[in-house]
Amino acid sequence: MMCQHCNNAPCETVCPVLATTHSSEGLNQMTYNRCIGTRYCANNCPYKVRRFNWFRYYQTDDYDFHFNNDLGRMVINPDVTVRSRGVMEKCSMCVQRIQAGKLEAKKEKRRPGPNEIQTACSQSCPTNAITFGDMNDPSSEISKLLEVEREGRAFGVIEEINIKPNVSYLVKIRNKERS
């Protein structure tokens with residue numbers, strides 16, 4: 001399960017260094033260079049989506065990822081940082097793609113288009129089972145889908161605890177013949 005980016009997130013209120021915050025766009029942000037790894041956020045997350053990074057991937061010979069030489073570092077995606085050991089990690093909804101899309105639209109003096117920005121998971125899903133977009137924009141694909149499905153198939157996981165997740169799921173359609 002991925003991070004649900006809750007509007008009333010229990011992980012945000014317990015972080016002693018404010019490494020977990022809520023953005024104006026509804027994302028549950030993680031500031032990795034501020035995180036000290038107390039794991040309070042993981043203990044308070046009802047979905048248990050946070051993972052503690054036990055491994056030092058960067059600048060070590062234990063893993064053959066070629067992070068230790070200049071040529072190896074040139075092939076790594078520069079938008080995604082390799083975090084050091086001792087921090088909490090979670091899905092960030094590809095915040096670097098969101099920021100790049102917003103910056104491109106800002107250069108062209110316009111708002112980002114309704115389906116212009118995609119996360120890596122939604123782009124790579126061959127069945128289009130994952131949809132990403134601006135839920136406040138009535139012309140976006142996600143807004144149209146949720147408008148139709150809000151009373152029928154759409155639901156949030158563990159809605160009873162009132163943390164208001166931003167991720168919605170759809171119930172599977174089962175076509176069964178009645179006899």
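By convention here, the first residue in the shown sequence is residue 1. Predicted model only: the values in this text are computed from it and were never measured.
Residues satisfying the side-chain contact (heavy atoms from CB on, under 4.5 Å) criterion with I36, sequence neighbours excluded, are V17, T38. Take Q118 and apply the side-chain hydrogen bond (donor to acceptor under 3.5 Å, both in side chains) test, not counting sequence neighbours, and it matches no residue. K164 pairs by the side-chain hydrogen bond (donor to acceptor under 3.5 Å, both in side chains) definition with nothing, not counting sequence neighbours. Qualifying side-chain hydrogen bond (donor to acceptor under 3.5 Å, both in side chains) partners for Q99, counting only residues two or more places apart in sequence or in other chains: none. With sequence neighbours left out, E108 forms a side-chain hydrogen bond (donor to acceptor under 3.5 Å, both in side chains) with R110.
Grouping the Ile, Leu, Val, Met, Phe, Trp and Tyr side chains by contacts below 4.5 angstrom, directly or via other members, places V49 with Y169. Tracing side-chain contacts under 4.5 Å through hydrophobic residues (I, L, V, M, F, W, Y), one never reaches Y40 starting from I163; they form parts of separate clusters. Cluster membership check: Y47 shares its hydrophobic cluster with F155, using side-chain heavy-atom separations under 4.5 Å among Ile, Leu, Val, Met, Phe, Trp and Tyr. Both V167 and V171 are assigned to one and the same hydrophobic cluster, defined by single-linkage of ILVMFWY side chains at heavy-atom distances under 4.5 Å.
Rounding to the nearest 0.5 Å gives a distance of 13.0 Å between CZ of R111 and NZ of K106. Taking SG from C6 and CD1 from I161, the interatomic distance works out to 7.5 Å, rounded to the nearest 0.5 Å. Atom CZ of R50 is separated from atom NZ of K90 by 5.5 Å, given to the nearest 0.5 angstrom.
The two residues E141 and N115 make their nearest non-hydrogen contact at N-OD1, 3.1 Å. Among all heavy-atom pairs drawn from M88 and C41, the shortest one is CG-SG, 3.7 Å. Annotation for Y32 and V87: closest pair O-CG1, 3.8 Å, computed over non-hydrogen atoms. The nearest pair of heavy atoms linking R34 to L18 is NH1-O, 3.1 Å. Nearest approach of N7 to H22, heavy atoms of both residues: OD1-NE2, 3.5 Å. Nearest heavy-atom pair, F132 versus I117, reported as atom, atom and distance to 0.1 Å: CD2-O, 3.5 Å.
Side-chain contact check for Q29 versus E12: every heavy-atom pair is 4.5 Å or farther apart. Within the 4.5 Å cutoff, side-chain heavy atoms of M93 are placed close to those of M2. Side chains of V14 and N43 form no contact here, defined as non-hydrogen atoms less than 4.5 Å apart. Counting heavy atoms from C-beta outward, I158 and Q4 have side chains that stay 4.5 Å or more apart. In this structure the side chain of I98 reaches within 4.5 angstrom of the side chain of E25, judged on heavy atoms.
Checked by atom type and distance alone, the side chain of N166 pairs as donor or acceptor with a backbone atom of G26 at under 3.5 Å. When atom types are taken as modelled, the side chain of S143 and the backbone of S140 share no donor-acceptor pair closer than 3.5 angstrom. Side-chain atoms of K48 come within 3.5 Å of backbone atoms of C45 as a donor-acceptor pair (strictly under, hydrogens ignored).
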Apply side chain to side chain contact (heavy atoms under 4.5 Å, CB included) to residues M30 and S92 and explain how you reach the verdict.
CA-CA 7 Å; M30 186 71 201; S92 64; 6.0 Å; no

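I142 belongs to a hydrophobic cluster whose remaining members, ordered by chain and number, are M135, L146; membership requires side-chain heavy atoms of ILVMFWY residues under 4.5 Å apart, directly or through intermediates.
Shown here is R39, whose CZ atom has more than 12 heavy atoms of other residues, nucleotides or ligands within 6.0 Å.
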